[in-house]
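Note that the structure is a prediction, hence the values are computed from the model and not measured. Just so you know, these numbers use all the heavy atoms, side chains as well, and skip hydrogens, waters and symmetry mates. Reminder, nothing fancy here: chain letters follow the sequence lines and each chain counts from 1.
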Amino acid sequence: MLKKRIIPCLDIQNGRTVKGINFVGIRDAGDPIELAKKYANQGADELVFLDITATIEQRETLIELVERVAQQIDIPFTVGGGISSLKDVRKIIAAGADKVSINSSAVARPELISEIANEFGSQCVVLAIDTKHDEDWMVYVSGGRKSTNLSTVEWAQQGVQLGAGEILLTSMNNDGTKEGFALPIVQNVCDAVNVPVIASGGAGKKSDFHSLFRDTEATAGLAASIFHYNEIPIPELKQYLKTQNIPIR
Amino acid sequence: MIAIIKYNAGNIRSVQNALARLGYSSTITDDPEKIRKADKVIFPGVGEANSAMQYLKEKELDELIRSLTQPVLGICLGLQLMCKFTEEGNTKCLGIFPNQVIRFKGNAIIPHMGWNDFVSNTGVLFNKVDPKSNVYFVHGYFAEPGDYTTAICDYIQPFSAALEKDNFYATQFHPEKSADVGSTILKNFLQL
């Protein structure tokens, strides 16, 4: 049986792991290589790196970091943040990443999704969507700083039609609050697309993952700070989910 | 020396990294001489079947792969290209295995992406590998089970998770991305 995936996410700034609350208020969370190795050894099912710095010099640092992480971990590895061209994707894949995650650049130029899918296959393209609920769940870009007039469900559908192989959905309302995932919008997106959906934002307790996998069709749950600060060790989370009869590796 | 066949498919570095972690050096190459002389050959790949086959033909790697006599391991798209035919782009493939490759059908989530266990596994690649262990898959097409199937996985329907015929071996999953279990499978191949 296909297992539900637990994915730690490392937000990278200037070569360090950082974590903010509601997309602001950044604090340091450690050495990314050490964390990546620790998570792989603990049974994380995949790893996501999101680079939240975007200057040219710092991106070269990111490529080196990706190379070093890829050499050391034996689980799938997604890299995102500031990717805006096929050239960027080629560099990141050549450095050893398995998938890339794109967000603002896909909103700005949706064809980018198709370009990456055509060259590397759909499985390589993760469409990351930051969503916030005002009157409806709308798409935000630029690290959550800019609103758009795109509806989250429609954008997810369009992204999949263009070739996205997976959706990484982050609820800005829930991110950093530790009050649980945004289950209704997660399920709305699952209903609208037939590719895997990774839910992100809001995990604070082990039972939040249980609710996610029980009440929605999300195939993966992603979190950051609860893992970085060891509030919920991955082995403990996975053991708990198994006792709740969730299919887990 | 282990040769990893270089062609227009992604994640080739992942395979080289995995071999390095096991203490094996390898070379990524499309040089027919180097490939022919290698002790082991790995034919990896994720990507689109039709363009990958065209590339192999242009570089005359298709004939070369078929004629190899040392142990060869195809991974993911590598497995599919070693079969007879794939529905992806209606592509005639290498024909090392007689299996047909078809697309998953139905309303389920496609691609089959993530960790899954085996219905059964036999053959030398799975020495010391418990069928209940999980390996990492990511694919929308699969080889139908047949005479050369050594491992079966079930997603929507049973499919070939691994194939074996003479000196040719292939896995639909990614051993290089399958943690300790994947390392054991790679070691089993490398020690042939």
Side-chain angles (χ1 to χ4, degrees), chain A residues 1-7 40-47 66-77 89-90 92-100 116-126 160 163 165-167 190-191 193-198 217-220 238 247-249, chain B residues 8-22 28 45-52 76-77 88 104-119 132-141 153-156 173-184 186:
Chain A
M1 187 188 241
L2 184 64
K3 308 302 184 295
K4 299 290 186 182
R5 291 170 288 158
I6 302 296
I7 307 179
N41 291 335
Q42 284 185 337
D45 295 307
E46 293 194 29
L47 197 64
V66 169
E67 270 183 351
R68 289 171 61 202
V69 170
Q71 280 163 8
Q72 299 195 36
I73 63 166
D74 51 9
I75 56 172
F77 179 31
V89 176
R90 288 188 187 125
I92 284 169
I93 298 292
D98 300 292
K99 315 178 196 179
V100 293
I116 304 170
N118 289 340
E119 185 158 327
F120 295 99
S122 283
Q123 82 296 324
C124 188
V125 195
V126 181
V160 170
E166 209 168 2
I167 302 286
C190 291
D191 282 336
V193 299
N194 68 342
V195 300
V197 174
I198 305 168
E217 291 167 278
T219 61
K238 294 186 103 176
I248 287 285
R249 176 170 75 104
Chain B
N8 59 339
N11 103 320
I12 285 177
R13 268 295 285 287
S14 299
V15 175
Q16 192 170 40
N17 285 336
L19 297 178
R21 284 193 295 272
L22 294 171
I28 298 175
V46 289
E48 198 274 324
N50 199 287
S51 59
C76 196
L77 181 63
E88 188 175 20
F104 284 116
K105 289 172 184 75
N107 296 322
I109 293 170
I110 299 166
H112 172 220
M113 181 184 285
W115 298 79
N116 208 334
D117 52 2
F118 301 100
V119 173
K132 288 198 224 47
S133 45
N134 291 285
V135 288
Y136 186 82
F137 291 88
V138 49
H139 59 123
Y141 293 79
C153 175
D154 194 352
Y155 182 71
I156 306 176
F173 56 88
H174 287 272
E176 77 280 13
K177 286 284 155 186
S178 294
D180 296 349
V181 180
S183 298
T184 304
L186 280 177

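A salt bridge does not link A/R249 to B/D117: none of the charged side-chain nitrogens sits closer than 4.0 Å to a carboxylate oxygen.
Heavy atoms closer than 4.5 Å to chain B are found nowhere in A/A220, neither backbone nor side chain. For chain A, the nearby part of B/H112 is the side chain; its heavy atoms alone come within less than 4.5 Å. No part of A/K4 comes within reach of chain B, as not one of its non-hydrogen atoms sits under 4.5 angstrom from that chain. Proximity to chain A is absent for every atom of B/A20, based on heavy atoms less than 4.5 angstrom apart.
Note that the NZ atom of B/K177 and the CD1 atom of A/I73 stand 5.5 Å from one another [nearest 0.5 Å]. Expressed to the nearest 0.5 Å, how far CE of B/M113 lies from CD1 of A/I198 amounts to 7.5 Å. Separating the OG atom in B/S51 from the CD atom in A/E119 is a distance of 9.5 Å, to the nearest 0.5 Å. The line from OH of B/Y136 to CD of A/E46 is 3.5 Å long, rounded to the nearest 0.5 Å. Here the CH2-CD1 distance, from B/W115 to A/I6, works out to 13.0 Å after rounding to the nearest 0.5 Å. To the nearest 0.5 Å, the span separating CG on A/D98 from NE2 on B/H174 amounts to 8.0 Å.
The neighbour count for A/R68 CZ, taken as heavy atoms of other residues, nucleotides or ligands under 6.0 Å away, does not exceed 12. The neighbour count for B/D154 CG, taken as heavy atoms of other residues, nucleotides or ligands under 6.0 Å away, is above 12. The number of heavy-atom neighbours closer than 6.0 Å to NZ of B/K132, taken from other residues, nucleotides and ligands shown, is 12 or below.
For the set A/P196, A/P76, A/S122, the entry with the most heavy-atom pairs within less than 4.5 Å of chain B is A/P76. For the set A/L2, A/V193, A/D45, the entry with the most heavy-atom pairs within less than 4.5 Å of chain B is A/L2. Here B/N116 is the residue among B/V119, B/I110, B/N116 with the most heavy-atom pairs under 4.5 Å with chain A. The choice from A/Q72, A/K3, A/Q123, A/E67 that makes the most heavy-atom pairs within less than 4.5 Å of chain B is A/K3. Ranked by heavy-atom pairs shorter than 4.5 Å toward chain B, the options A/G165, A/G96, A/A94, A/A40 are led by A/A94.
Closest heavy-atom contact between A/V195 and B/I109: C-CG2, 3.5 Å.
A donor and an acceptor atom, one from each side chain of A/D74 and B/S178, are nowhere located under 3.5 Å apart.
Judged purely by atom type and a 3.5 angstrom limit, A/R5 has no side-chain atom pairing as donor or acceptor with the backbone of B/G114.
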